[in-house]
Novice: 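Here it is, the structure, as structure tokens.
On a predicted model such as this, the values are computed, not experimentally measured, just so you know. Basis for what follows: all heavy atoms, side chains included, without hydrogens, waters or symmetry-related copies. Here is the naming used below: chain letters follow the sequence lines, and residue numbers restart at 1 for every chain.
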Amino acid sequence: MNGDVRVRIAPSPTGPLHIGTARTALFNYLFARRHGGTFILRLEDTDVARSSIAYEKDILDGLHWLGLRWDEGPEVAGQAARGPYAPYRQMERLASYAEAARQLLAEDKAYPCYCTADELAADRAAQQAAHEPPHYVGRCAALIPAERAARELEGRPAAIRFRIGEGTVAFDDLVRGRVEIDTSALGGDLVIVRGDGTPLYHFTVVVDDAAMRISHVIRGEDHLSNTPKHILLFRALGVPEPLFAHLPLILNPDRTKMSKRKSQTAISDYIAQGFVREALVNYLALLGWSTGTEEEILSLDELAARFDVEHVQKGGAVFDRERLEWLNGQWIRKLSADELIDRLRPFLEADLHAGVIERMPDDDEVCALLPVIQERLPTLGTVGELIGFLFVEAVALDPAMLVPKRWDPTTTRDGLGAARDALAAVGEVSWEADELEPPLRALALERGWKAGDLFMAIRVAVTGRTATPPLFDTLVALGRDRTLGRLDRAIAVLAEAPEVVG
RNA sequence: GCCCCCAUCGUCUAGAGGCCUAGGACGCCACCCUUUCAAGGUGGAGAUCAGGGGUUCGAAUCCCCUUGGGGGCACCA
């Protein structure tokens, strides 16, 4: 690489951390790690109207959660900014944009523009009617000093426009190869500073990337067509250009750019549903990139050791939630007991608040259940439906569900009664899976029932569900008294229910 | 409308001229395991490599065209 590798993620706090931003951050992070470079976080908050502290916090928290630690970045929660190019918040860097703008103005590479919003809107409408691409007509490009003075006198606010000029801009994108774009396709002279004096994205990004010595700009493909503007600005400012790498977009199922309307895009939503960071990182890394081998379950460190731009895909990638869920299951199964208990706790607390459970299980109780639930969790959020029946006073019983498909209500009542007696005969001290199974199997054999049918009736009676962890582990977790109590209640429910076929 | 980018199973992808009668994974189907659900195992369906021209002894791989898709064209980022 040419000199030190310095890359950045530059989110704007105008919304919660987006899946696409997270992936761009991840690719930058992996690239930095792979090359022993520096990963920088910069907040692009110049859209004051849409930016908020809440979004900023969501973004920083999300990046933290993913494990993407930045080497340089803004001050956070009382902590000082980290890195030699502070501040890392654009609204705190206004002086440097003003200075850069002054420089461009002084060299006549930019000029004040007094056009009103109405004038610009009218231009755009006319262009559209004439089937021309929208562009600035250059009304203020060649104003003489007297004309400028007149407009200043009118009290018209002046935006600053950068002269785009003529010619072709070419660059060698690290993933796309050579890209050439004629400046005539850039929309005319570019506003770099608003009438109110605040700088615009295309300007600040260049000023900061230069100031922060960014070596590689790795970002989404949606910026590919904007890159010539940036290059022109780098040149006008007389600073070296970084290298560019444009990543394929993450797509909705209909192959349009992933959006909130059509997909779930906020990282916080995935966290809330119980996706684990390892799975999200693993999945996102493999969306648009591959190792070139058949490896696919990879940790952040393993990804960092393998990352290369050469294997970045050019075409967009549809976000496939099913594959994410599969990976999530893979990673949940790899977690240690302590780790899994810790990660399950917030979800159990949420279930408690939602009334799914009535009591918070302690760590030992959860630990005891781990062997039967760990491989049954597609997401952490499903823990409540898996073991919730253990932490409520009574489960809801549907008489129809109580009756196994090959049985009728009478047989079911009979079966549950007999099972209750058989289980009652097992003493408190012997209440273990190995002790519970033989008597029930013997009972089924004796009565000519399929063991599975009897087990299903018991399962629904004590859990209210047809899909549960293994029955005997379930009964042990439930305990003798509650098992017998729930069987009694199920029998009563069946007795009260009208004799309809279940 | 103009400019730019892209194009291998439904989806994510391997493939950098012969190893490809195209490999893996998710999903789907079947079977095995099994008290349900999972997990796991085995097998299967699924891509004339968008289409058409070239180049070459030989093309999914190189070139051109067509088609399709996407992105960008703000005093948003």
Novice: How many Å lie between CZ on Arg124(A) and P on G1(B), as a whole number?
Specialist: 19 Å
Novice: Categorize Gly195(A) for me: base, sugar-phosphate, or nothing, with a 4.0 angstrom heavy-atom threshold over every strand shown.
Specialist: base
Novice: Any Lys/Arg nitrogen of Glu325(A) or Arg321(A) sitting under 4.0 Å from an Asp/Glu carboxylate oxygen of the other?
Specialist: yes
Novice: Base, sugar-phosphate, or nothing for Thr46(A), non-hydrogen atoms under 4.0 angstrom?
Specialist: sugar-phosphate
Novice: Check the distance between U13(B)'s P and Leu287(A)'s CG and give it to me in whole angstrom.
Specialist: 6 Å
Novice: With respect to the side chain of Pro133(A), which nucleotide from A77(B), C5(B), G1(B) is positioned closest?
Specialist: G1(B)
Novice: Provide the distance between the two C1' atoms, one in C49(B) and one in A59(B), to the nearest whole Å.
Specialist: 11 Å
Novice: Rounded to the nearest 0.5 Å, what separates atom CD1 in Ile160(A) from atom CZ in Arg102(A)?
Specialist: 9.5 Å
Novice: Give a yes/no on whether any side-chain N or O of Thr291(A) is located under 4.0 angstrom from OP1 or OP2 of A14(B).
Specialist: no
Novice: Kindly say if Arg441(A) contacts the phosphate of U35(B), meaning a side-chain N or O under 4.0 Å from OP1 or OP2.
Specialist: yes
Novice: Round to a whole Å and report the spacing from CD of Glu180(A) to P of C3(B).
Specialist: 15 Å
Novice: Does the structure show a Watson-Crick or G-U wobble partner for C26(B), both distances under 3.5 Å? Name it, or say none.
Specialist: G10(B)
Novice: In the structure shown, which nucleotide is the Watson-Crick or G-U wobble counterpart of C73(B), with both distances under 3.5 Å?
Specialist: G1(B)
Novice: Students often mix this up, so state it plainly: with edges at 30° and 60°, are the rings of Trp407(A) and Trp449(A) parallel, tilted or perpendicular?
Specialist: tilted
Novice: What nucleotide, of A74(B), A77(B), U35(B), holds the atom closest to the side chain of Pro134(A)?
Specialist: A74(B)
Novice: Quick one: label Leu286(A) by what it contacts on the DNA or RNA (base, sugar-phosphate, nothing), any heavy atom closer than 4.0 Å.
Specialist: sugar-phosphate
Novice: Under 4.0 angstrom, heavy atoms only, what part of the nucleic acid is Leu386(A) near: base, sugar-phosphate, or nothing?
Specialist: nothing
Novice: CZ of Phe472(A) versus P of U34(B): gap in Å, rounded?
Specialist: 14 Å
Novice: Between A14(B) and G24(B), how far is it from one C1' atom to the other, in whole Å?
Specialist: 7 Å
Novice: Which is true for Gly329(A) with a 4.0 Å heavy-atom rule: it touches a base, it touches only sugar-phosphate, or it touches nothing?
Specialist: nothing
Novice: Are OP1 or OP2 of A77(B) and a side-chain N or O of Arg194(A) less than 4.0 angstrom apart?
Specialist: yes
Novice: Checking contacts here: which listed nucleotide (A38(B), C26(B), A77(B)) is nearest the side-chain heavy atoms of Asp320(A)?
Specialist: C26(B)
Novice: Is the His230(A) ring parallel, tilted or perpendicular to the His223(A) ring (thresholds 30°, 60°)?
Specialist: tilted
Novice: At 4.0 Å (heavy atoms only), tell me whether Arg50(A) reaches a base, stays on the sugar-phosphate, or touches nothing.
Specialist: base
Novice: Kindly say if Gln330(A) contacts the phosphate of G40(B), meaning a side-chain N or O under 4.0 Å from OP1 or OP2.
Specialist: yes
Novice: With a non-hydrogen cut-off below 4.0 angstrom, is Gln313(A) in contact with a base, only sugar-phosphate, or nothing?
Specialist: sugar-phosphate
Novice: More 5' along RNA chain B: Glu294(A) or Lys257(A), using each one's nearest nucleotide?
Specialist: Glu294(A)
Novice: Identify the nucleotide, in any strand shown, that forms a Watson-Crick or G-U wobble pair with A50(B), with both distances under 3.5 Å; if there is none, say none.
Specialist: U66(B)
Novice: Just to be sure I understand the rule, does Ser12(A) reach a base, reach only the sugar-phosphate, or reach nothing, if contact means heavy atoms closer than 4.0 Å?
Specialist: sugar-phosphate
Novice: Could you label the plane-to-plane angle of the Trp289(A) and Phe307(A) rings as parallel, tilted or perpendicular, counting under 30° as parallel and over 60° as perpendicular?
Specialist: tilted
Novice: By the 4.0 Å heavy-atom rule, please label Thr466(A) as base, sugar-phosphate, or nothing.
Specialist: base
Novice: Name the nucleic acid region contacted by Pro469(A), choosing base, sugar-phosphate or nothing; use a 4.0 angstrom heavy-atom cut-off, strictly under.
Specialist: base
Novice: Does Lys405(A) make a side-chain N or O approach to OP1 or OP2 of U36(B) shorter than 4.0 Å?
Specialist: no
Novice: Give the nucleotide from the list C5(B), G72(B), C26(B) with an atom nearest to the side chain of Asp222(A).
Specialist: G72(B)
Novice: Which whole number of Å gives the distance between the P atom of G51(B) and that of U8(B)?
Specialist: 11 Å
Novice: Within the 4.0 Å heavy-atom criterion, would you say His202(A) contacts the bases, only the backbone, or no part of the nucleic acid?
Specialist: base
Novice: If you measure from the Lys or Arg side-chain nitrogens to the Asp or Glu carboxylate oxygens, is any gap between Arg465(A) and Glu385(A) under 4.0 Å?
Specialist: no
Novice: Starting at the 5' end of RNA chain B, which residue's closest nucleotide do you reach first, Gly177(A) or Leu200(A)?
Specialist: Gly177(A)
Novice: Between Arg219(A) and Glu44(A), is the closest basic N to carboxylate O distance under 4.0 Å?
Specialist: no
Novice: So, is Arg459(A) near the phosphate of C37(B), with a side-chain N or O under 4.0 Å from OP1 or OP2?
Specialist: no
Novice: To the nearest Å, give me how far apart CD1 (Ile387(A)) and P (C37(B)) are.
Specialist: 20 Å
Novice: Nearest to the side chain of His311(A), which nucleotide is it out of A77(B), G70(B), A14(B)?
Specialist: A14(B)
Novice: Could you check whether Ala451(A) gets within reach of a base, just the sugar-phosphate, or nothing at all, counting any heavy atom under 4.0 Å?
Specialist: nothing
Novice: Quickly work out the Glu221(A) CD to C3(B) C1' distance and round it to whole Å.
Specialist: 13 Å
Novice: Is the phosphate of G10(B), meaning OP1 or OP2, less than 4.0 Å from a side-chain N or O of Arg255(A)?
Specialist: no
Novice: Please give the distance between the C1' atoms of A39(B) and A77(B) as a whole number of Å.
Specialist: 44 Å
Novice: Rounding to the closest angstrom, what is the interatomic distance between G72(B) and U66(B) at atom P?
Specialist: 24 Å
Novice: Between Lys334(A) and Glu278(A), does any side-chain N to carboxylate O distance fall below 4.0 Å?
Specialist: no
Novice: Is there a side-chain polar atom (N or O) of Thr256(A) under 4.0 Å from OP1 or OP2 of G70(B)?
Specialist: no
Novice: Please work out if Pro470(A) contacts a base, only the sugar-phosphate, or nothing of the nucleic acid, heavy-atom cut-off 4.0 Å.
Specialist: base
Novice: Would you mind classifying the nucleic acid contact of Ala467(A) as base, sugar-phosphate or nothing, using non-hydrogen atoms under 4.0 angstrom?
Specialist: base
Novice: Please report the distance, rounded to the nearest Å, between CD1 in Ile250(A) and C1' in G70(B).
Specialist: 15 Å
Novice: Is the shortest side-chain N/O distance from Arg161(A) to OP1 or OP2 of C75(B) below 4.0 Å?
Specialist: yes
Novice: With a 4.0 Å cut-off, would you call Glu437(A) and Arg441(A) a salt bridge?
Specialist: yes
Novice: Rounded to whole angstroms, how far apart are NZ on Lys314(A) and P on G15(B)?
Specialist: 11 Å
Novice: Taking the same atom, C1', in G23(B) and in C62(B), what whole-Å distance lies between them?
Specialist: 23 Å
Novice: Could you give the distance separating C9(B) and A50(B) at their P atoms, to the nearest angstrom?
Specialist: 7 Å
Novice: Could you measure between the two P atoms, the one in C65(B) and the one in C26(B), and give it in whole Å?
Specialist: 40 Å
Novice: Between Asp208(A) and Arg8(A) (salt bridge meaning N to carboxylate O under 4.0 Å), is one present in this structure?
Specialist: no
